[in-house]
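The chains referred to below are lettered A, B, ... by the order of the sequence lines, with proteins before strands, and numbering in each begins at 1. Heavy-atom basis, side chains included; hydrogens, waters and symmetry copies ignored.
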There are 2 protein chains.
Amino acid sequence: MATFRLSRRLRSQRALDTMSDAQFAVLATLKGHGPHTLGELAERERVTAPSMNRTVNCLEEAGWITRTPDETDRRKVNIEITTQGRELVAETVRRRDMWLAQVVADLTPSQRRTLARAAAIMSEVAAR
Amino acid sequence: MATFRLSRRLRSQRALDTMSDAQFAVLATLKGHGPHTLGELAERERVTAPSMNRTVNCLEEAGWITRTPDETDRRKVNIEITTQGRELVAETVRRRDMWLAQVVADLTPSQRRTLARAAAIMSEVAAR
DNA sequence: TATTGTTATACTCTATAACTATA
DNA sequence: TATAGTTATAGAGTATAACAATA
């Protein structure tokens, strides 16, 4: 329950209210891990290809990403984040960091250490 | 990021694949905190009344909840979880607990203490 | 023939605006 | 007149099935 609550609270801190979680997740992946094909994005987000295609369409229309046909395998399409897309992700991260910084400032050093250790364990657990 | 990852992983453990998160959240609220009016549910889930109305419609058609006009204020509708609804929530909680139990079994006692402490801090933080 | 991306279709969640019934 | 719930309508995410282009 604590995980669900905190997740929801963090998610509410974003740069653009109009952008959905699904869209932002794709944008964050592209910014953090470079260009991906549609299939790679779909697999990474555990979503079907048509679903990811729709999300990517929205991002493309808004100018946050670009589609480029792959040179070597013409079936593939390389999806890349634009400069504006990068800035949007950065701004959202800044907001979340600001919110977290305020919250963490009120915690004791011991509580901070606990959260840091827990984060590592939680990531490990979620990967199973 | 750890919070988002774990949240997603936990959410994937449910009794009915066909039930959405929004529907399950309402059901869990009704089971844990008793009957609510439509407006109360909407406010609690931070969603508009029409949106909640639609979710409640689906739950009612499926037999997980019942609608009953309020006796004292006829504008209001009391929404209550059914016996089957209770069982569905219980089953989902069982599944999540089973998954968590398996995961936690592989952790050290120190790691478990860290997660327990972190959960309390995270809940507190999310409430701000 | 298999793979990659796309389109067609359908259902749920979300919202705002407008409407009904009740207070 | 204000409030609680509902319906109308529209946009986005999700899915499966079917299709086009390419390997």
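What separates CZ of R75(B) from P of dA2(D) is a distance of 13 Å, to the nearest Å. Rounding to whole angstrom units, NE2 of residue H36(A) and C1' of dG5(C) are separated by 17 Å. Nucleotide dG13(D) holds its P atom 10 Å from the CE atom of M52(A), rounded to whole Å. Look at CG on D70(A): it is 13 Å from P on dT6(C), rounded to the nearest Å. Residue L38(B) contributes atom CG, which lies 16 Å from atom P of dT3(D) at whole-angstrom precision. Atom CD in E61(B) sits roughly 12 Å away from atom C1' in dC11(C) (whole-Å rounding). Nucleotide dT14(D) holds its P atom 12 Å from the CZ atom of R14(B), rounded to whole Å. Between E43(B) atom CD and dA4(D) atom P the separation is 10 Å, expressed in whole Å.
For T37(A), a side-chain nitrogen or oxygen approaches OP1 or OP2 of dG5(C) to under 4.0 Å. Taking only side-chain nitrogens and oxygens, T48(A) never comes nearer than 4.0 Å to OP1 or OP2 of dT16(D). The side chain of Q23(B) places no N or O atom within less than 4.0 Å of a non-bridging phosphate oxygen (OP1 or OP2) of dT12(C). The side chain of S20(B) places no N or O atom within less than 4.0 Å of a non-bridging phosphate oxygen (OP1 or OP2) of dT12(C).
Checked by atom type and distance alone, the side chain of R67(B) never pairs as donor or acceptor with a backbone atom of V77(B) at under 3.5 Å. One N or O on the side chain of R112(B) and one on the backbone of L107(B) form a donor-acceptor pair closer than 3.5 Å.
The side chain of D73(B) has dT22(C) as its nearest neighbour among dA23(D), dG13(D), dT22(C). With dC13(C), dG13(D), dA23(C) as the candidates, the nucleotide lying closest to the side chain of C58(B) is dC13(C). Of the candidates dG5(C), dG13(D), dT6(D), dT6(D) carries the atom nearest the P50(B) side chain, counting heavy atoms from C-beta on. The A49(B) side chain lies nearest to dT6(D) when the options are dT6(D), dT6(C), dT14(C).
Note on D21(B): nothing from the nucleic acid sits closer than 4.0 angstrom, heavy atoms only. The residue S51(A) sits close to a base: some heavy atom pair falls under 4.0 Å. R54(A) comes within 4.0 angstrom of a nucleotide base, judged by non-hydrogen atoms across all strands. Counting any heavy atom pair closer than 4.0 Å across all strands shown, N53(A) reaches a base atom.
With rounding to the nearest 0.5 angstrom, the NE2 atom of H33(B) is 4.5 Å from the CZ atom of R44(B).
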Full working for side chain to side chain contact (heavy atoms under 4.5 Å, CB included) between E91(B) and L16(B): CA-CA 9 Å; E91(B) 172 62 20; L16(B) 256 189; over 6 Å; no
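Taking the nucleotide of DNA chain D with the nearest heavy atom to each of R74(A) and T55(A), the more 5' of the two is matched to T55(A).
A salt bridge does not link E80(A) to R86(A): none of the charged nitrogens lies less than 4.0 Å from a carboxylate oxygen.
Annotation: cation-pi geometry satisfied between R96(B) and F24(B) (NZ/CZ under 6.0 angstrom from ring centroid, within 45° of ring axis).
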